[in-house]
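Just so you know, these numbers come straight off a predicted model, no measurement behind them. Proteins come first, then strands; the chains are lettered A, B, ... in the order of their sequence lines, and each starts at number 1.
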2 protein chains.
Amino acid sequence: MKKAKKRLGKKRITLVEIASAAEVSAITVSRALRNPQSVSQELRQRIQQIVDDMGYVPDAAASALASARTNVIGVLIPSVTNNVFADVMRGIYAEAEASAFRVQLGNTRYSLIEEERLLRVFLSQRPAGLIVAGVDQSESARAQLLQAECPIVQIMEVGHDPVDMMVGFSHHRAAFAATRHLVERGYRRIAFLGARMDPRTQRRLQGFVQALEEAEMLDEKLIVTTPRASTVSLGCELMSELLARAPDADAVFCNNDDLAVGVLFEAQRRRIAVPHQFGICGFNDLEIMAVANPALTSVRTHREEMGRKAMRMLIDRIGGKHIEPRLIDLGYELVARESTARNAGAPAPV
Amino acid sequence: MKKAKKRLGKKRITLVEIASAAEVSAITVSRALRNPQSVSQELRQRIQQIVDDMGYVPDAAASALASARTNVIGVLIPSVTNNVFADVMRGIYAEAEASAFRVQLGNTRYSLIEEERLLRVFLSQRPAGLIVAGVDQSESARAQLLQAECPIVQIMEVGHDPVDMMVGFSHHRAAFAATRHLVERGYRRIAFLGARMDPRTQRRLQGFVQALEEAEMLDEKLIVTTPRASTVSLGCELMSELLARAPDADAVFCNNDDLAVGVLFEAQRRRIAVPHQFGICGFNDLEIMAVANPALTSVRTHREEMGRKAMRMLIDRIGGKHIEPRLIDLGYELVARESTARNAGAPAPV
DNA sequence: TTGAAAGCGCTAACAT
DNA sequence: ATGTTAGCGCTTTCAA
């Protein structure tokens, strides 16, 4: 009969057991695994063999505790279902996979409270780095970020005072450009459709408003927003609401592409001719925009690149590099397609 | 002048410092934070106050090491950009957020090697539980899962020998039902469009094949597949390829909804009347299907529910409950819409 | 309800 | 190239 253990819990193989099987000290096994060159060829192979045979799995907690560091990069984004963030995540993962870092994803669900909570959880893990979406953290969250002892990249936007580093673009300017495009194509009763109304959407609305004010075309009646999450079907609904409120609307800038696709479908159902009677411009340029009928105009944003770059900056910085500049503006690109080709190029008739 | 520390590294506040500030022992502070009822009211408040004032953040690694457990649920899925998994993740997060568990996401990118690697990383963290997509792990990955000392849920499919627990549905049967539907609606030259061709897609193809064999309508020429990831624009391409190969095709069962939307767009461009000349059925029933013109038929799958249920089973099991049954079939639902309404109900003419 | 002592499994620092 | 020693910060166990 076995003696009762002082501490219970299923035993798993430890470094010490590997070490005694290999007849070396624990630290040598540790080195052989973490930094194979630091150990002689013969030993390295012998140890690896024993590790495989015994099915040794290192204990990440013990390692983190002893070394006071981890290979975890925390990522805080407001949505896991939104295509925009899915693309950013793809960039982040792409860059992470080539490195020794692991990504830990936190979903704030557009809640500042949840963001604070997750930040606390993440920081308790001594992450190697942090990527957070946006610049609108709560005061307390911002304080936590400023105190954090790891590098941090804010993504999605550009703004004045980065907590540390930043990669994004100006939503205001991008929306301004899209709205100007509609004006230049001869549309006169240009509407805005916005869902969710998170800070980035708000800034796009401001860009829209500024462009139409300058063109002396702004009509508040043409701004339709909802706090609901954007979907294609919501685009249909908002389009219906817009037409009920303002039947003379002749174009729309949608806060994102899902809405734009919904608007197109609704226009088709109502036999409204796009782009001749009605122009549509989306935001983000998801791949569906290029193949819809008619193809939909949008503002292309560099989402995957944003994720990649953020991760790259983090890894470089963790590696000790000096990062300059700390604020990167990835810009945007207006992609004009059939859905706004009413009056291409020519100035609008009065 | 301070004496040099034996171990360097930025100091952060520890439990002991809180304890001495509160003039109690470390274990009391630990208890006050983890299990407030176990400490007197007065002490609890005093300790909480000090914790807040000093900005104490517990060290997750130390806690994990000492207690040999974590609150991490590892989730392994093959894609972070695929809408299907995004919905599953939403379910997982929804259930996790109501609990004390955190989700750690791993992206296998449809690679068995990557899955093995991630499994190793995850297991080194002593996760409280694991959710893995599919039943087609490599032999070595399956061995790792069987040895793991935490509960595990396989999702997305149902199959004979669960590693532990399982929540999913039969892709074979779902595809069979969709194909039968097209047969019943009077289509005779029914094609299959498949992208990615992962194991679940393969099983859908088998369901398709079986249905058409039984109807004596199978023609291999009508099966168009590609290893590329599915997108709307790929749907357009595959549709073009299908029509080049088999101009007499009169319906298509698409491996997923993105392809189906692409097929619709391509049909519109070619002035092919849907559903009269050509029927379209997708898979998953993303929300866009219901609002497209015409509305697209699809097979609804319960993705968010799958995520929720998997997480729920895990949490219950970690909490010591006995879970029965260990295999849950969530089924599917054929949602017939305009895109297959050629000959509703009536048996096919010969 | 509170405390003292003893590790958890690993790695940093300092040898050799 | 390899070993010795001493913790990392917390929680378990046992005791009061």
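The phosphate of C/dA12 (OP1 or OP2) has a side-chain N or O of A/R69 nearer than 4.0 angstrom.
In this structure, CD of B/E17 is placed 8 Å from P of D/dG9, rounded to the nearest angstrom. For the pair B/D59 CG and D/dG9 P, the computed distance is 7 Å after rounding to whole Å. The nearest whole Å value for the distance from the CZ atom in B/R126 to the P atom in C/dG9 is 6 Å. For the pair B/L15 CG and C/dG3 P, the interatomic distance rounds to 12 Å; values are reported in whole Å.
Only A/R34, listed by number, bring a heavy atom of residues 34-54 of chain A to less than 4.0 angstrom from any atom of DNA chain C. Using a 4.0 Å cutoff on non-hydrogen atoms, the parts of residues 19-33 of chain A near DNA chain D are A/V24, A/S25, A/I27, A/T28, A/R31, ordered by number.
B/E114 and B/R117 are joined by a salt bridge, as a carboxylate oxygen and a charged side-chain nitrogen come within less than 4.0 angstrom of each other. With respect to A/D136 and A/R142, no salt bridge is recorded, no charged nitrogen being found less than 4.0 Å from a carboxylate O. Classification of B/R200 and B/D198 as a salt-bridged pair holds, one side-chain N sitting under 4.0 Å from a carboxylate O.
In this structure, CG on A/D87 lies 11.0 Å from CE on A/M89, to the nearest 0.5 angstrom.
A donor-acceptor contact closer than 3.5 angstrom is absent between the side chains of B/S111 and B/T108. Under 3.5 Å, the side chains of B/R34 and B/S30 contain a donor-acceptor pair of N or O atoms.
Looking at residues two or more places apart in sequence or on another chain, you find no salt bridge (Lys or Arg N to Asp or Glu O under 4.0 Å) involving A/E324.
Comparing D/dT12, D/dC10, C/dT11 by their closest approach to the side chain of B/S67 singles out D/dT12.
Under the side-chain hydrogen bond (donor to acceptor under 3.5 Å, both in side chains) test applied with B/E95, the options B/R312, B/R90, B/K309 reduce to a single match, B/R312.
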